[in-house]
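Atoms considered below: every heavy atom in the structure, side chains included; atoms not considered: hydrogens, waters and symmetry mates.
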Amino acid sequence: MQNHHANRSATGQGTSERTFDRREILVGGGLAALALGGAWPGAAWATPATPRVTHALQLAPTDFSIGDTHVRTWAFNGSIPGPEFRVKQGRPVRFVVKNDLPEESSVHWHGIRLANAMDGVPGITQDPIAPSGEFVYEFVPPDAGTYFFHPHVGLQLDTGLYGSLIVEATHERQAYDQDVVIVLDDWLDGVKGRSPMKEYMRLRKIGMPMGMRPRTPKRPYVGLDGRTPAAGSLGWIANALESGSTDPGDVSYPYYLMNGRPPEDPWSLRVHPKQRIRLRVINAAADTIFSFRVGEHPLTVIACDGQDVHPIETDAVVLGMGERIDLLLDASQSGAHEITADALGKSNKAVGVLRYTTATAARATPGSATNLRVAGYSDLRSVDAPPLGKPSRSLTLGIGMDMMRGYVWTLGGQAYPKADTIDLARNETVDIVFANRSMMHMAHPMHLHGNLFAIAGADGGIVLKDTVLVGPTVSMPVRLHAANPGRWLLHCHNDYHMMSGMMRELQIRA
C-alpha cells in the first residue's frame with residue numbers, strides 16, 4: 001500500500017431552447033457551547049501574482065450519448081463529467097476560461113475558500129463571461145480535499161457543465177492504492193425535447209412541485225448504533241424520502257448518471273484484492289439527493305466537503321446536492337459488486353460496478369438495501385477544527401415558498417434578488433439557524449460560498465462544512481466565523497429553488 005495515490009482511476013476525463021432574462025442570468029443539535037474564532041489554518045484569500053500552473057477550460061455545446069440516447073447539451077472541454085483537475089494545496093493555480101456558449105456564463109469553484117473576486121458569481125464578484133469571451137481565474141487553494149466547479153448562471157448546472165477539482169494535500173494523512181472520483185448527476189437535457197429552462201417554466205406555470213407520491217413504507221436506514229435514526233439526521237431524511245412522507249424534489253428525471261454513464265451502460269472500477277481505494281463522491285445533481293453504497297463493502301468516511309474528519313465506518317452515505325464525501329474502501333472480497341447511488345424518493349438510481357481483477361462472473365452483486373447504517377453530521381468530527389469562542393448574535397432564516405406568487409422560494413422570508421443583504425463584520429462569529437418550515441415538506445441543501453461553517457455534535461465536537469442538508473420540519477443551527485471578506489452567496493443548492501429566489505447575499509466587511 002502506498003501513501004497518496006498510486007493509480008488515479010478518475011472519471012474518464014483528464015486535464016486533457018434556452019432563454020434567460022437578465023435577472024435570471026445574474027442570480028444564476030444546539031450550539032450553546034460552540035463558536036469559531038481565531039485564525040483559520042491555511043487561509044489564502046489574496047489572488048496570486050505569479051501562478052505556477054495554468055489550465056484551460058472551454059464551455060461549449062457538445063454531443064453526448066447516454067446509452068442509446070443521443071443528446072445535444074453543454075459541457076466543459078467536450079466531456080461529461082468535465083475535466084478532473086488535480087492541484088496542490090497552497091500552490092497558486094490559474095484557469096483560463098473561454099466561453100463558446102451562445103449566452104453568458106461563469107465558473108464557480110464550489111467549496112474553495114478563495115479571494116472574493118475569483119468566486120465566479122456574475123453581478124456579485126465579476127461581470128459574466130460573454131459569448132466568445134474569456135476570463136482568468138487565479139487563486140491559492142488553502143484546503144486539501146474534494147471540490148467541483150460549475151457555472152453560477154441560470155440553470156446551466158443542470159446541463160453537462162460540471163467537473164471535479166481535487167486539491168492534493170501537502171501532508172496526506174491516509175494511505176491508499178487508488179484515488180477515484182465518482183460524480184453523481186440527474187439528467188434530462190436534450191431527452192425527448194426536454195431542457196432545464198422548459199422544466200423551470202413548467203414549474204412557474206403550475207406554481208408548485210410535482211408533489212409527494214404514495215410509496216410502500218420502509219425503513220432501510222438506521223443510525224451507526226443500529227437504531228432508528230434521530231429526527232433530522234441524514235438517515236431520517238433518507239427514510240422520509242423513501243417512504244414518500246417527504247417530497248423528493250421538483251423534477252422527474254429520465255436518467256441518473258455515475259461518471260456520465262447510465263445503469264444500462266455502467267461505469268466500472270477495477271481493483272486488485274487487498275487494495276485500499278479512496279472514493280471521492282460528488283453530488284453534482286440539480287434536484288436529487290443520493291444514497292451511496294458499494295455492495296456489501298463497509299465504507300470509512302475520512303473527509304466531507306473537503307475537510308478531513310476522524311475516520312468512521314458506515315454502510316452508506318447520504319449526499320445532498322453540492323455535498324462531497326471522501327471514503328476508504330478495502331478490497332477484501334471477490335467478484336463484481338454494484339456501486340449504487342439511489343435517487344432517494346425517485347424510484348431509480350445511478351449505478352457503477354466494482355470489479356475485482358480475479359472476477360469471473362459478469363453480473364454485479366447489488367448488495368443489501370435494508371438496515372443500512374448511515375453516518376450523520378453529528379457522528380463526524382473535523383480533524384482541523386479552529387479555536388472556539390462565542391457568537392455575537394443569532395440569525396434565523398426560514399426556508400419557505402411564497403404560495404401567493406406561485407413557484408417562488410424564499411430564505412428568511414425574502415426572495416432573491418429582492419432580498420436584504422446580511423451584513424457581517426470581518427471575524428464576527430454568528431449563529432445561523434436554517435428553519436425549514438415550508439409547507440412543501442422538502443429537504444434543502446444549504447450552501448455558503450467562500451467560507452466554512454460548523455455543525456455541532458452531541459458530545460461538543462464539530463464538523464466543518466460548506467453545504468448542509470436541512471430536513472423538513474427541522475431547524476438546523478450552524479456557526480459561522482466570518483473570516484473571508486467579500487460578497488458571498490448563501491443559497492439552496494437545488495438549482496430550481498435557487499433560480500426561484502432561495503438565496504441571500506452575505507457581505508463580510510474587510
Side-chain angles (χ1 to χ4, degrees), residues 9 11 81 145-146 148 162 164 178-186 220-224 229 233-239 241-242 248-249 253 255-263 266-269 271 277-285 287-306 309 311-331 337-354 364-377 379-380 443 445 465 467 469 493:
S9 177
T11 56
T146 302
F148 76 118
Y162 53 83
S164 57
Q178 287 198 61
D179 190 348
V180 181
V181 176
I182 297 178
V183 184
L184 308 176
D185 190 24
D186 45 18
Y221 298 98
V222 296
L224 294 184
S233 69
L234 294 176
W236 178 84
I237 292 172
N239 285 330
L241 287 163
E242 286 296 276
Y253 286 85
Y255 294 103
Y256 298 94
L257 308 181
M258 184 175 296
N259 286 344
R261 305 279 287 272
W267 172 79
S268 182
L269 171 63
V271 300
I277 318 300
R278 181 174 188 153
L279 302 176
R280 302 176 184 263
V281 187
I282 301 170
N283 185 354
D287 185 71
T288 302
I289 299 166
F290 287 103
S291 167
F292 179 89
R293 66 186 190 275
V294 183
E296 300 291 345
H297 291 75
L299 304 170
T300 300
V301 181
I302 58 171
C304 62
D305 288 1
V309 298
I312 189 168
E313 186 177 292
T314 186
D315 297 327
V317 291
V318 173
L319 292 170
M321 297 78 86
E323 289 190 292
R324 296 89 60 210
I325 199 157
D326 289 32
L327 307 165
L328 291 180
L329 179 148
D330 287 319
H337 303 261
E338 184 175 282
I339 306 172
T340 306
D342 287 306
L344 290 172
K346 293 189 174 183
S347 301
N348 217 323
K349 59 186 177 181
V351 171
V353 178
L354 177 79
T365 303
S368 172
T370 60
N371 297 322
L372 294 169
R373 296 175 303 137
V374 176
Y377 299 134
D379 298 311
L380 304 177
K465 289 181 61 63
T467 308
L469 188 60
H493 220 272

Minimum heavy-atom distance between S291 and A316, given as atom pair plus value: OG-CB, 4.1 Å

Taken in chain and number order and not counting sequence neighbours, the residues that satisfy side-chain hydrogen bond (donor to acceptor under 3.5 Å, both in side chains) with T365 are none

Min side-chain heavy-atom separation C304-E323 under 4.5 Å: no

When every non-hydrogen atom of G352 is compared with those of P266, the smallest separation belongs to CA-CB, 4.1 Å

Quick check against the 3.5 Å criterion: does N283 have a side-chain atom that pairs as donor or acceptor with the backbone of L319? yes

Candidate list V294, V180, T300, test side-chain contact (heavy atoms from CB on, under 4.5 Å), partner L329, passing option: V294

All side-chain hydrogen bond (donor to acceptor under 3.5 Å, both in side chains) counterparts of R278, not counting sequence neighbours: E172, Y176, D326

Residues D379 and I312: closest non-hydrogen pair is O-CD1, 3.5 Å

Begin from the C-alpha positions of D330 and H297 and carry the test side-chain contact (heavy atoms from CB on, under 4.5 Å) through to its verdict. CA-CA 8 Å; D330 287 319; H297 291 75; over 6 Å; no

Taking only residues two or more places apart in sequence or in another chain, which ones pass ring-ring contact (aromatic ring centres under 6.0 Å, His included) with F290? none

Would you please name every residue forming a side-chain hydrogen bond (donor to acceptor under 3.5 Å, both in side chains) with T288, sequence neighbours left out? D186, K346

Not counting sequence neighbours, which residues clear salt bridge (Lys or Arg N to Asp or Glu O under 4.0 Å) with R293? List them please. D342

Please enumerate all residues that pass side-chain contact (heavy atoms from CB on, under 4.5 Å) together with A443, with sequence neighbours excluded. I237, I289, L469, P472

Given T146 and R324, is the side-chain hydrogen bond (donor to acceptor under 3.5 Å, both in side chains) satisfied, shown in steps? CA-CA 7 Å; T146 302; R324 296 89 60 210; over 6 Å; no

D315: what forms a salt bridge (Lys or Arg N to Asp or Glu O under 4.0 Å) with it, not counting sequence neighbours? R373

Heavy atoms of P81 and G260 approach each other most closely as CD-N, 3.8 Å

Closest non-hydrogen atom pair between L241 and P248, with its separation: CD2-CA, 3.5 Å

With Y255 via side-chain hydrogen bond (donor to acceptor under 3.5 Å, both in side chains) - residues at least two apart: T69

pair F292-I325: side-chain heavy atoms closer than 4.5 Å: no

Does any part of the side chain of V374, heavy atoms only, come nearer than 4.5 Å to the side chain of P229, both counted from C-beta? no

The test is side-chain contact (heavy atoms from CB on, under 4.5 Å); show your working for V183 and Y162 and say whether it passes. CA-CA 9 Å; V183 184; Y162 53 83; 3.7 Å; yes

Under 4.5 Å between any side-chain heavy atoms of M258 and L184, yes or no? yes

Out of V281, L234, V301, which residue meets the side-chain contact (heavy atoms from CB on, under 4.5 Å) rule with V317? V301

Check whether any side-chain heavy atom of K465 sits under 4.5 Å from a side-chain heavy atom of L380, and report yes or no. no

Just by modelled atom types, is the A350 backbone N or O under 3.5 Å from a matching donor or acceptor in the D185 side chain? no

Contact between L269 and I182 at the side-chain level, heavy atoms closer than 4.5 Å - yes or no? no

Taking all atoms of both residues into account, what is the closest heavy-atom pair of N239 and P220, and its distance? OD1-CD, 3.2 Å

